[in-house]
Structure formats: C-alpha cells, structure tokens
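Since the structure comes first, as structure tokens, the remarks are kept for the end.
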Amino acid sequence: MINQLKQSFFQVFTMTLLWIVLLITVFFKDQSISIVYMWNVVGIALISAGIFGVIYNALWNYFTLKPIWNIVISSTFNILGGILAVWLFSKDMFHFIAPWFPGMLLLSVVLHTIAFYFYARIDSKKKAEELNKILK
Amino acid sequence: MKVIFEADAGIDRSVTKVTTNPAEQENWIHIEEALNNAEQKLVVINAKNNRNVQILLSSVAVIESEDRMCSVRVITGEMFLLNKRLKFVEESLDSHFLKINNQTIVNTSYIKEFSSTDNARIKVILNDNSSYFVSRFYIKNFRGKLS
C-alpha cells in the first residue's frame with residue numbers, strides 16, 4: 001500500500017509540476033519570475049500530489065469508510081488544497097475568486113457525493129455480481 | 001499404498017473425499033489422522049489461559065489485525081490471538097487465504113457470497129454469516145484466486 005501510494009504521489013507531483021510550468025509558459029511567457037516563485041510551483045505540485053495521489057487513492061482503493069466520510073474528507077482537502085494552491089499561484093487571483101469560495105465548496109460536495117456515493121454504489125453492485133459469478 | 005487423486009467440483013473446497021475398499025474401513029481413522037497431521041497448523045494463543053495451542057490452518061476463517069497482534073477466528077466461532085503483525089502472518093499463509101482490506105485476511109474456502117451494501121461498499125459474507133468489507137484494491141486479487 002505504502003509503495004503504491006508513494007508511486008502515485010510522485011506521478012501526480014511530476015504531472016502537476018509540468019502542467020503548472022506549461023500554464024505559466026503559455027499565459028505568462030512575457031513575464032519574468034523570481035526563482036523563489038518556483039518554490040510556490042513546487043508547493044502547488046506537492047499539494048496536488050498529496051490530495052490526488054495519496055488521499056483520493058487511499059479513500060477510493062484502500063479504506064473501507066462509509067461514503068459520507070469519503071465525501072467529507074475529500075471535499076475538505078480538495079477545497080482547502082485548491083484555495084492554498086491558488087494563493088501560492090497568485091495572491092491577486094486568490095482575492096479575485098475569494099467571494100466564490102462558498103459556491104465552490106458546495107459544488108465540490110455535490111461532485112464528490114456523485115463520485116463517492118452514486119458512482120461507487122453502481123460500481124459496487126457490478127463488482128459484487130462479477131465476484132459472485134466467479135464463485136459459481 | 002497407491003493413491004489416486006480425483007477432482008469433484010461438487011464438493012466444498014475444505015472437504016477431502018477418500019474412497020477405499022470396504023475391507024480398509026477399519027483404517028479410516030488412521031487415514032484421517034494422517035491427513036490431519038499432514039495439514040498445516042497454526043500456533044495461536046488461547047486468551048482465556050494464555051497458553052499456546054495448535055489449530056488447523058484450514059479451520060481458520062478470519063485473521064484480523066489488532067495493533068501489533070492478530071485475532072484469529074476459526075469457523076466454529078472460537079477466537080484466538082496470534083503474536084505476529086498481519087503483514088508477517090500473510091507471508092506464512094497458504095493460497096486459500098486472501099487479504100480483503102488493510103486489517104483483514106479471510107479464508108476463501110469459507111466465502112459464501114459477495115454483496116454490495118446500501119452504503120456503496122462491497123461486503124464478503126462467509127459461511128457462518130459473518131461479513132467483512134472488501135477494499136476496492138484487493139478485489140482484483142479475488143479474480144485470480146477464485147477463478
């Protein structure tokens with residue numbers, strides 16, 4: 001489990017780092033940035049890797065918590081991580097989107113409910129049927 | 001003695017059928033003893049008197065992690081302790097045992113069925129009607145072991 005999560009952490013970390021560098025290259029190519037700002041980008045990649053590579057992976061694949069806990073944990077980390085990532089990316093952008101945080105939280109809860117409850121319910125039924133077929 | 005092995009899909013995985021000549025009936029007890037002795041055993045602790053006892057591995061239904069120890073439940077419902085961490089226990093078990101989540105290993109011979117719960121989780125139900133949740137990660141292991 002630890003090895004799988006470690007692998008997933010570094011995969012997401014690398015992909016996010018490349019993605020942010022690409023976004024900066026496309027949208028801010030004429031601006032010069034300080035080398036210290038690169039650590040902000042690393043910070044964003046670390047947040048993303050922690051949330052999507054470790055927390056989501058563990059909640060979906062390894063833990064057997066009730067969906068309500070999956071929804072609460074993932075929504076909370078998702079929104080807090082997202083806010084922190086925006087703050088690290090640009091303080092101006094953070095202040096600009098601040099009034100929409102409650103709406104974003106609501107949307108996050110709705111989408112996580114669909115994923116961790118409705119989709120998981122369909123998926124569980126399908127998997128249980130498959131396993132019962134193998135047993136027979 | 002010549003031994004002939006025959007497969008019969010109709011009998012349970014934990015049962016071995018021995019067919020002999022009627023004249024050999026008086027030796028059935030010895031054959032059973034020999035087979036039981038040949039079977040892998042597990043040394044566990046009886047928590048009531050803190051003594052080590054040997055139990056047949058095939059009688060074990062579930063092994064659950066209890067911090068640095070494990071609890072062992074045999075199919076008759078009796079509970080024992082095992083002074084080992086789950087990951088080390090897992091290494092010493094035979095192919096009938098399968099991990100179903102981070103805390104639990106079950107004997108696949110005693111699996112009755114799988115069911116999905118209202119809470120979007122997958123449950124495995126054993127022959128004694130006890131049930132345990134299965135992590136999605138370990139489901140793919142079932143496909144290889146049960147088929």
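The chains referred to below are lettered A, B, ... by the order of the sequence lines, with proteins before strands, and numbering in each begins at 1.
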Let's test your reading of the structure: which of A:Tyr119, A:Phe116, A:Tyr117 forms the most heavy-atom pairs below 4.5 Å with chain B? A:Tyr117

Given heavy-atom pairs under 4.5 angstrom as the criterion, report whether the side chain, backbone, both or neither of A:Gln4 touches chain B. side chain

Have A:Asp92 and A:Ser90 got a donor and an acceptor in their side chains that come within less than 3.5 Å? no

Evaluate side chain to side chain contact (heavy atoms under 4.5 Å, CB included) for B:Phe97 paired with B:Leu57, printing each intermediate quantity in order. CA-CA 10 Å; B:Phe97 289 86; B:Leu57 194 57; 3.7 Å; yes

Measuring heavy-atom distances to chain A, does B:Lys112 have an atom under 4.5 Å in its side chain, in its backbone, in both, or in neither? backbone

What part of A:Phe118 gets within 4.5 angstrom of chain B, counting heavy atoms only: side chain, backbone, both, or neither? neither

In terms of side-chain heavy atoms, does B:Tyr138 have a donor or acceptor partner in A:Asn61 at a distance below 3.5 Å? no

Between B:Thr104 and B:Asn101, is any side-chain donor less than 3.5 angstrom from a side-chain acceptor? yes

Do B:Thr117 and B:Asn119 meet the criterion of a side-chain donor-acceptor pair at a distance under 3.5 Å? no

A:Ile68 portion near chain B, given a 4.5 angstrom heavy-atom threshold: neither

Partners of A:Phe9 by side-chain contact (heavy atoms from CB on, under 4.5 Å), sequence neighbours excluded? A:Leu46, A:Ala49, A:Val54

Between A:Ala120, A:Ala128, A:Ser124, A:Pro67, which residue shows the highest count of heavy-atom pairs closer than 4.5 Å to chain B? A:Ser124

Proximity breakdown for B:Val134 and chain A, heavy-atom pairs closer than 4.5 Å: backbone

